[in-house]
Novice: 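The structure under discussion is supplied below as structure tokens; questions concerning it will follow.
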Amino acid sequence: MTGWETAVLDGGPASGLHMKVSGRPRVIQVTYPCRIEGAPPGVRADGVHVYRRDYGVTDEPLRYGFDIASP
């Protein structure tokens with residue numbers, strides 16, 4: 001599969017987010033910055049949320065469901 005296709009995230013903190021994907025990736029990772037207190041300069045923390053492709057959906061928009069068990 002080549003080119004860009006529309007995908008939508010279902011469930012989790014990024015539910016309803018639409019994006020363009022290329023190559024129908026199996027997994028999409030969404031990160032959110034976390035606030036940290038007293039960390040040295042340059043240190044950051046991100047919350048990681050994983051969405052897995054729904055292989056039953058073959059037309060646009062492709063669907064990616066929230067994987068509560070990941071990472």
Novice: Please report the shortest heavy-atom distance between A14 and V30, naming the atom on each side.
Specialist: CB-CG1, 4.2 Å
Novice: Y64 and R26: which non-hydrogen atoms are nearest, and at how many Å?
Specialist: CE2-O, 4.0 Å
Novice: Within the side chain of E60, is there an N or O that forms a donor-acceptor pair under 3.5 Å with the backbone of T6?
Specialist: yes
Novice: Tell me the closest heavy-atom pair linking C34 and G47, and the distance in Å.
Specialist: SG-N, 3.5 Å
Novice: Mind checking the CD-CE spacing from E5 to M19? Nearest 0.5 Å is all I need.
Specialist: 13.0 Å
Novice: Closest heavy-atom contact between I36 and V43?
Specialist: CD1-O, 3.4 Å
Novice: Please name the pair of heavy atoms, one in R24 and one in R53, separated by the smallest distance, quoted to 0.1 Å.
Specialist: O-NE, 3.6 Å
Novice: Could you label the plane-to-plane angle of the F66 and Y51 rings as parallel, tilted or perpendicular, counting under 30° as parallel and over 60° as perpendicular?
Specialist: tilted
Novice: Do you reckon V8 sits in the same ILVMFWY cluster as V21, going by side-chain contacts under 4.5 Å, direct or chained?
Specialist: no
Novice: Would you say L9 and Y55 are hydrophobically clustered, going by side-chain heavy atoms of ILVMFWY under 4.5 Å?
Specialist: no
